[in-house]
Amino acid sequence: MKNILVTGGSGFIGSNFVRLCLEKVPACRLINLDKLTYAGNPGNLLDVADDFRYRFVHGDICDASLVGQLFQEEKIDTVIHFAAESHVDRSIEGPAEFIQTNIVGTFTLLEAARKAWKLDNNEKSVTGDDEAVTESSPRFLHVSTDEVYGSLGETGLFEETTPYDPRSPYSASKASSDHLVSAYYHTYGLPILMTNCSNNYGPFQFPEKLIPLIINNALNSKDLPVYGDGKNVRDWLYVVDHCTAIIKVLQNGKVGETYNVGGNSEKQNIEVVQTICDILDEKVAPLESGEVRRSLIKFVKDRAGHDRRYAIDASKLKNELGWEPSVDFNDGIRMTIDWYLDNTEWISAVIDGSYQDYYDKLYGER
Ligand code: NAD
Ligand code: DAU
C-alpha cells in the first residue's frame, strides 16, 4: 500500500490524476493537499470524495508545520507534486505568488520529505549508486513543464539535456523548483523523479487556458482572442495521457532521472482555434448572426516575451518505459469539446464563481 501525498490535486491535471490513480492503482491511499486557490475546484473530484482511500486536506504547501504533520500522520512514502501557480499571463501580471508557491512551496515539501525519510547531509549521495533503491523505497515525483527549456526556432525538439532558458516569471519559477529538486537528489540523496511535459488539454481545465477559453467564448458568441500573429506553436497532450505517463514514471522510472512527456502534436494556435470553431459549428446551433464561429476570431496584442515554439522529444520515455500518447489531437479535441458541452453546470459554476461553494457543501465551513 502506497501512501501518496498529491499536492494540487483539486486543479486540472491533479484531479484527472487522482481519479485515474484510484482507478488503476488499487493499493494506494491518496492525500490531496490543496490550498484551493482560484484554480482549485473541489467539484472536480465530487465522484471520488467518498472513496475510503482518498482524503482531502485544505492547506498550503508553504505551511511547513502542516506538511510535516501530514508526512508523520499519514506515513507518506510517495509525493506527486502538482501544486503550482500555472498560468503564464497571471505570472506576468503578478509574479509574487509564483515565487511563493512554486519555489518556496517546493522547497517546503523537499525539506519535509528529507526529514521524514531521514536523509541528512551526512548521508552519502545516491548519485551513481542505485543499489540502495528498491521497489518500496520512497519517491518524490516533481511535475514540471517544457517551458523551462525556453523557446525553439522552426526546427528542433526539447530533450532532457536541453539547457534551461526560462523566459516568463512562471517558467523561471518552475525552473527554479526543478533545480531545487535536482539539488536535493545530488546533495541529500532524496529519491526524486522529474517529468517535463508539454501543453495539456481535456476535462476540468480552467477556462483561462487557450482551449477551454476558446470553447467557452465560442459557445457564448464572444470574441476569440488570438495573441500576436497566431503562429506560435505548442505541442498538445490529452491530460489522461499525461497522468498515465506520471504513473509509469512513478512505478518504473529511474530515481534521479528526468523524463520529457509530449504529445507528438505540434499545432499553431490559430489552427487550434479554427478547429474548435469548426467542430462547434458542426455540433451546436449556429451563431445568431448566421456567421460561422471563425468570424469571432480577433488578433490581439501579443503576450510579453511570448515563446514562439515548444516541441518535445519524448523518446526516452518511450524507449525506457514504453509510454506513448494514446489519444491523438483530432480525437482528443472532440472528446474535450464534448466534455464541455456535457458539463455546462461545471463551466457555469466556474464562470460565476459559485464553484468555490462546493467546498462548504463537501467539507463544511472553512
Ligand atoms: P492548475 O492551476 O489547474 O492547478 C493547480 C492546483 O494547485 C490548484 O488546485 C490550486 O488550488 C493548487 N495550489 C496552488 N497553490 C497552492 C499552494 N500554495 N498550496 C497547495 N495547493 C496549491 O494547474 P495544472 O494545469 O493542473 O498544473 C499542475 C502542475 O503541472 C503544475 O505544477 C504545472 O506547472 C504542471 N504542468 C502543467 C501543464 C499544463 O499544460 N497545464 C503542462 C506541464 C506541466
Ligand atoms: O507547455 C506547458 C505549459 O502549457 C504549462 O507549463 C502551463 O502551466 C500551461 O498554462 C501552458 O502554458 P501556455 O502559456 O502555453 O498555455 P496557454 O493556454 O495560456 O496558451 C497557449 C497558447 O495560446 C500560447 O501560445 C498563448 C496563446 N493564447 C493563450 C490565451 C489564453 C492566445 O493566443 N490567446 C489566449 O487568450
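Atoms within each ligand, like the ligands themselves, are counted from 1 in listed order. The chain is numbered in sequence order, starting from 1.
- Proximity to D60 (heavy-atom distance under 4.0 Å) selects the following atoms of ligand 1: 17 (C), 18 (N), 19 (N).
- A cation-pi arrangement is absent between R19 and Y54, since the terminal nitrogen or guanidinium carbon is not both under 6.0 Å from the aromatic centre and inside a 45° cone about the axis.
- Ligand 1 has an N or O atom lying under 3.5 Å from an N or O atom of N200, backbone or side chain.
- By heavy-atom distance, the residue among D89, V88, L210, T145 lying nearest atom 17 (P) of ligand 2 is L210.
- A salt bridge links R334 with E282: the closest approach of a Lys/Arg side-chain nitrogen to an acidic carboxylate oxygen falls below 4.0 angstrom.
- If you check each of C62, G11, G59 against atom 4 (O) of ligand 1, the one with the closest non-hydrogen atom is G11.
- In terms of polar-atom proximity, defined here as any N/O pair under 3.5 Å, H242 makes no such contact with ligand 1.
- Between the choices S144, S171, S177, P42, the shortest heavy-atom distance to atom 44 (C) of ligand 1 belongs to S144.
- Put simply, Y170 and Y149 are part of two different groups of oily side chains (I, L, V, M, F, W, Y) that touch within less than 4.5 Å, one to the next.
- The shortest N or O to N or O distance between D34 and ligand 1 is under 3.5 Å.
- Here N199 has heavy atoms under 4.0 Å from ligand 2 in both its backbone and its side chain.
- Below 30°, between 30° and 60°, or above 60°: for W346 and W339 the angle between ring planes is above 60°, a perpendicular geometry.
- In terms of protein heavy atoms, atom 19 (N) of ligand 1 is closest to I61 N, 3.0 Å.
- Between T101 and ligand 1, an N or O atom pair is found at a separation short of 3.5 Å.
- Contacts between K209 and ligand 2 below 4.0 angstrom, taking non-hydrogen atoms only, involve backbone and side chain alike.
- Assignment of K174 to the shell around ligand 2 is not supported, since no heavy atom sits closer than 4.0 Å.
- When heavy-atom distances to ligand 1 are checked against a 4.0 Å cut-off, L36 comes that close only through its backbone atoms N, CA, C and O.
- Side-chain contact between I76 and I4 is absent, with no heavy atoms from C-beta onward closer than 4.5 Å.
- The pair E73-R55 meets the salt-bridge criterion, since a charged nitrogen lies less than 4.0 angstrom from a carboxylate oxygen.
- Atom OG1 of T7 sits about 6.5 Å away from atom CG of L5, to the nearest 0.5 Å.
- Between E97 and R90 there is no salt bridge, since no side-chain nitrogen of the basic residue lies less than 4.0 Å from a carboxylate oxygen of the acidic one.
- Looking at T37 against ligand 1, both its backbone and its side chain come within 4.0 Å, counting heavy atoms.
- Backbone and side-chain nitrogen or oxygen atoms of I13 are examined, and one is located within less than 3.5 angstrom of a nitrogen or oxygen of ligand 1.
- Between N199 and ligand 1, not a single N/O pair is under 3.5 Å apart.
- Looking at G9 next to ligand 1, no N or O pair under 3.5 Å apart turns up.
- In this structure, the ring of Y164 has its center less than 6.0 angstrom from the ring center of H179.
- Proximity of L213 to ligand 2, defined as any heavy-atom pair under 4.0 Å, is confined to the side chain (atoms from C-beta onward).
- A cation-pi arrangement, defined by a distance under 6.0 Å to the six-membered ring centre and an angle within 45 degrees of its axis, is absent between R303 and Y227.
- The distance criterion of under 3.5 Å between nitrogen or oxygen atoms is met by S86 with respect to ligand 1.
- The proximity of N269 to ligand 2, defined as any non-hydrogen pair under 4.0 Å, is limited to the side chain.
- By the 30° and 60° cut-offs, the orientation of the rings of W236 relative to Y201 is perpendicular.
- Only side-chain heavy atoms of Y170 come within less than 4.0 Å of ligand 1; its backbone N, CA, C and O stay farther off.
- Comment: R167 does not engage E147 in a salt bridge, judged by the lack of any side-chain N to carboxylate O separation of less than 4.0 angstrom.
- Contact annotation: for K174 versus ligand 1, heavy atoms closer than 4.0 Å belong to the side chain alone.
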